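Below is one structure, written out as structure tokens; comments come after it.
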Protein chains: 2
Amino acid sequence: MLDHSTPIDPILHAIADPTRRAMIERLTKQPVSVSELAGGFPMSLQAVMQHLSILEGAAVVRSEKIGRVRTVSLNPAALRQLESWVTAQRTAWERRLDRLGDILGETPEDAKE
Amino acid sequence: MLDHSTPIDPILHAIADPTRRAMIERLTKQPVSVSELAGGFPMSLQAVMQHLSILEGAAVVRSEKIGRVRTVSLNPAALRQLESWVTAQRTAWERRLDRLGDILGETPEDAKE
DNA sequence: CGCTTAGTAAAGCATATGCTTGACCATTCG
DNA sequence: CGAATGGTCAAGCATATGCTTTACTAAGCG
């Protein structure tokens, strides 16, 4: 394992898990309490909490505790950050690929600079 | 663990790893052979191969073997797919958040990076 | 107050993941 | 040919991950 310190890394790691993506999708509809959220998943509340702490660590969600109820909501900034990263990458790829043309099975002399 | 069958999942899983992202970045510059790629990483060639097979399984990269040399290159379609997924998600979030206004007694305008 | 509800802490466990080493095959080249 | 090069197969291993169970604390409510 290498870097892991890039700001984008925790976000990618957070959304790489299907359960966490499902939680995100649930939160897209509206903010919910922890137990309310947990009710929708076939696992213990603790497991849900652990996923939540990863999501919150990546700033994908935020949460606030009022009384004994912790309400969890999305943080759109995280997705915007992810989106710009993806877009930047894709742009870089495509720019390069455009220049190279058909690489495999092609003459390699157009791969300079 | 839940679903894991969504088409977006293998892509997200593939790019969640920092080593694999570094490989992607390397491939952004130009297609390379396996050993050439492995030369840039502080790990065995086999480890690099294993990462490559995950990337290829997610269709993030393609590879072709000519003679005894396997040349690896990016598949821009994967990133485009990822980008549309992210954009769709972000849009859903923001639409919802717009409608809800400030739920936790907070203004949702802190979205600068 | 005492009971229930919402959440948290901590430990344990099975599987997944990232990496290694060692053996092996296939192409190229002296 | 035989050696070197480029890649592949298969175990094995340590740590990470996703989840569980068993406490436990704190807030609300009769």
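All chains are named by letter (A, B, ...) in the order of the sequence lines, taking the proteins before the strands, and each is independently numbered beginning at 1. Being a predicted model, the structure only gives us computed values, none of them experimental.
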Rounded distance (Å) that lies between atom [atom2] of [N] and atom [atom1] of [X]:
X	N	atom1	atom2	value
A:Leu52	C:dT8	CG	C1'	13 Å
A:Asp17	D:dA16	CG	C1'	13 Å
A:Lys65	D:dG28	NZ	C1'	13 Å
A:Arg70	D:dT25	CZ	C1'	14 Å
A:Leu45	D:dG18	CG	P	17 Å
B:Ile54	C:dA16	CD1	P	13 Å
B:Met49	D:dT8	CE	C1'	5 Å
A:Leu12	C:dT17	CG	P	16 Å

Name the one of B:Thr19, B:Leu79, B:Ile15 that satisfies side-chain contact (heavy atoms from CB on, under 4.5 Å) with B:Ile24?
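Filter result, single survivor: B:Ile15.
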Please say which of B:Val86, B:Ile11, B:Val60 ends up in a side-chain contact (heavy atoms from CB on, under 4.5 Å) with B:Gln81.
B:Ile11
Check whether [X] reaches the backbone of [Y] with its side chain - one donor and one acceptor, N or O, closer than 3.5 Å.
X	Y	value
B:Arg21	B:Ala16	yes
A:Arg20	A:His13	yes
B:Asn75	B:Ala59	yes

Scan residues 81-93 of chain A for pairs that pass salt bridge (Lys or Arg N to Asp or Glu O under 4.0 Å), counting only residues two or more places apart or in two chains.
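Found A:Glu83-B:Arg90, A:Arg90-A:Glu94, A:Arg90-B:Glu83.
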First encountered from the 5' end of DNA chain C, between A:Gln50 and A:Val69:
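Here A:Val69 is the residue nearer the 5' end.
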With a 4.0 Å limit, can you tell me whether B:His51 has a side-chain N or O closer than that to the phosphate oxygens OP1/OP2 of C:dC19?
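Yes, B:His51 has a side-chain N/O under 4.0 Å of OP1/OP2 on C:dC19.
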So, OP1 or OP2 of D:dT17: does either fall under 4.0 Å of a side-chain N or O from A:His13?
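Yes.
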Donor-acceptor pair under 3.5 Å: do we get one between A:Arg68's side chain and the base of C:dT5?
yes
Looking at D:dG6, D:dT20, C:dT20, which one has an atom nearest to any side-chain atom of B:Met43?
C:dT20
Distance (rounded to the nearest 0.5 Å) between B:Leu74 CG and B:Lys29 NZ
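Answer for the CG-NZ pair, B:Leu74 versus B:Lys29, is 10.5 Å.
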Just the atom pairs and distances: protein N or O near nucleotides 22-24 of chain D's N or O, under 3.5 Å.
residue	atom	partner	partner atom	Å
D:dT22	O4	A:Gln46	NE2	3.0

For A:Ser44, report the nucleic acid contact type (base, sugar-phosphate, nothing); a contact means any heavy atom under 4.0 Å.
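Touches a base.
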